[in-house]
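Below you'll find the structure I mean.
Residues take their numbers from the sequence shown, with the count starting at 1. Keep in mind that the numbers below use all heavy atoms, side chains included, and drop hydrogens, waters and symmetry copies. First listed ligand is number 1; within each ligand, the first listed atom is number 1.
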Amino acid sequence: MLFGPGRLAELPAELDRLGAGCALVLSTPGQSALAERAAALLGARAAGVLAGAVMHVPVECAAAARHAARRIGADSVVAIGGGSTTGLAKAVALDAGLPIVAVPTTYAGSEMTPIWGLTEGGVKKTGRDARVLPRTVIYDPELSLELPLATTLASTMNAIAHGAEGLYAHDGNPIVALMAEEGIRASAVALVALAADPHDLAARGDALYGAWLCGSVLGAVAMGLHHKLCHTLGGSFDLPHAEVHTVVLPHALAYNAPAAAAAMARIARALGASDAARGVFDLAARLGAPASLRALGMPAAGLDRAADLAVLTPYPNPRPLERAGLRALLQRAYDGSPPAP
Ligand code: NAD
């Protein structure tokens, strides 16, 4: 794990350390210039650039990246970008066992998890496999200076959501709880500073630090209601991933609050708020985040189906999953109402 401004320069040395000399460099189309910069740094260690990462790793993209890796005889993958790019690198690693060097430029935290995802015909499958956990991660805050504020906000809320659910995970432990609380605190402080000045390098560093901690929590313990709801809403109604997290989190926390008092107290403390759900809601509102599922394009007619899907497959959650309660939660999220106490 390398952390600090300018550390991208150590990418070639990190590949050497892994014994790799033929890397496939991945990015989204929007970050191709950064991928080319990384490839130039790597010189002969870079065998090709594929700027084809797309949200939720469609199987067609995964096939193209796997094919490119085979064609050039890649012995490693460099993922430079957000969760979509790391996700594409994971698809290659899952297939070919190649080591990943991740250079995150958002706060999604995928670089700290062994979780992969692949989307086929609109259905996203996820799983855990140690082969997809990046071997090296370079957190260089200079690379996220230009991340647009709206994406910064949504992505940081995504990190806060990992930390929040880690605090009431059925398989949690005191170390994970420490990381979660500190990750939420650092993320929230960074968000407020970045809303005032998106080019604040120290705040970009704090946001990456928060993302690192919260991503580690996501990788270590099972997520509950909030992540399952977001997965269902994103997958079934094609809503934007990180923004859905922002809208749903206060409501999921309010739903779970009666069954997870200690976790809620720590989330509230990390946010400097008196109530966890309200603290997240107020933070997002203060920074101008989208407040409702309606604003994200959710059809009102889909709320009943979303509630049905939410109770279809049981999973551990502090409060039992009750359809009527979840339908009410979804309605509040749809309307953008404050979380119900
Ligand atoms: P993303 O990777 O899709 O990036 C969003 C947009 O921001 C893209 O257009 C990208 O090109 C652009 N971008 C990224 N960094 C930038 C920068 N520094 N400057 C300017 N533009 C930049 O979004 P994300 O929120 O990072 O990732 C979302 C995806 O990651 C989802 O598919 C989600 O399911 C997945 N995810 C997976 C895990 C895991 O553990 N497997 C964890 C979190 C998220």
Inset, instruction - Look at ligand 1 and say whether Lys124 reaches it with a heavy atom at a distance under 4.0 Å. - result: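 Under 4.0 Å: yes for Lys124.
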
Legend entry - Ring-face cation contact, Tyr139 with Arg7, 6.0 Å cut, 45° max: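 Not flagged: Arg7 not positioned over aromatic ring of Tyr139.
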
Legend entry - Heavy-atom gap His231 to ligand 1 smaller than 4.0 Å: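 Heavy atoms of His231 never come under 4.0 Å of ligand 1.
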
Inset, instruction - Could you name the option among Ala211, Gly109, Ala108 that has the heavy atom nearest to atom 44 (C) of ligand 1? - result: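 Answer by nearest heavy atom: Ala108.
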
Inset, instruction - Please check if a non-hydrogen protein atom sits closer than 4.0 Å to atom 29 (C) of ligand 1. - result: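 Given the 4.0 Å cut-off, atom 29 (C) of ligand 1 counts as touching protein heavy atoms.
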
Inset, instruction - Show which atoms of ligand 1 fall inside a sub-4.0 Å distance from at least one heavy-atom site of His56. - result: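 Those atoms are 31 (C), 32 (O), 34 (O).
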
Legend entry - ligand 1-proximal atoms of Thr105, by part, heavy-atom distance under 4.0 Å: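 Within the 4.0 Å criterion, Thr105 contacts ligand 1 through backbone and side-chain atoms alike.
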
Legend entry - Same apolar cluster (I L V M F W Y, side chains within < 4.5 Å links), Tyr255/Val247: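 They do share one cluster, since a chain of ILVMFWY contacts under 4.5 Å joins Tyr255 to Val247.
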
Inset, instruction - For Gly82, take its heavy atoms, then give the atoms of ligand 1 lying under 4.0 Å from any of them. - result: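 Every atom of ligand 1 under 4.0 Å from some heavy atom of Gly82: 2 (O), 26 (O).
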
Legend entry - Glu120 atom CD, neighbour heavy-atom count above 12 within 6.0 Å: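 No, the 6.0 Å shell around CD holds no more than 12 heavy atoms from other groups.
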
Inset, instruction - Check the hydrophobic clustering (I, L, V, M, F, W, Y; side-chain heavy atoms under 4.5 Å; chains of links allowed) and say if Ile184 and Val280 are grouped together. - result: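 Per the 4.5 Å side-chain linkage, Ile184 and Val280 are co-clustered.
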
Inset, instruction - Give a yes or no on whether the ring-centroid distance for Tyr107 and Trp212 is below 6.0 angstrom. - result: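 Centroid distance Tyr107-Trp212: not below 6.0 Å, so no.
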
Inset, instruction - Could you check which of Pro141, Ser110, Gly219 puts a non-hydrogen atom nearest to atom 36 (N) of ligand 1? - result: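 That would be Ser110.
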
Inset, instruction - Report yes or no: does Ser144 have a heavy atom closer than 4.0 Å to ligand 1? - result: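 Flag set, Ser144 near ligand 1.
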
Inset, instruction - Could you list the atoms of ligand 1 found under 4.0 angstrom from a heavy atom of Thr28? - result: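 Matching atoms, with element in brackets: 10 (C), 11 (O).
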
Inset, instruction - Go through the steps to decide whether Arg135 and Ser76 satisfy the test side chain to side chain donor-acceptor pair (under 3.5 Å), and finish with yes or no. - result: CA-CA 10 Å; Arg135 304 281 180 85; Ser76 53; over 6 Å; no

Legend entry - Shortest reach to atom 18 (N) of ligand 1 by a heavy atom, considering only Val57, Leu143, Thr151: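 It is Leu143 whose heavy atom sits nearest to atom 18 (N) of ligand 1.
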
Inset, instruction - Please work out whether any backbone atom (N, CA, C, O) or any side-chain heavy atom from C-beta onward of His241 is under 4.0 Å from ligand 1, and answer side chain, backbone, both or neither. - result: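 Side chain only.
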
Inset, instruction - Measure up the His245 and His162 rings against each other and bin them: parallel (under 30°), tilted (30 to 60°), perpendicular (over 60°). - result: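 Ring orientation of His245 relative to His162: perpendicular.
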
Legend entry - Member of Gln31, Met55, His241 meeting the side chain to side chain contact (heavy atoms under 4.5 Å, CB included) criterion with Ser84: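 Output: one option passes, namely Met55.
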
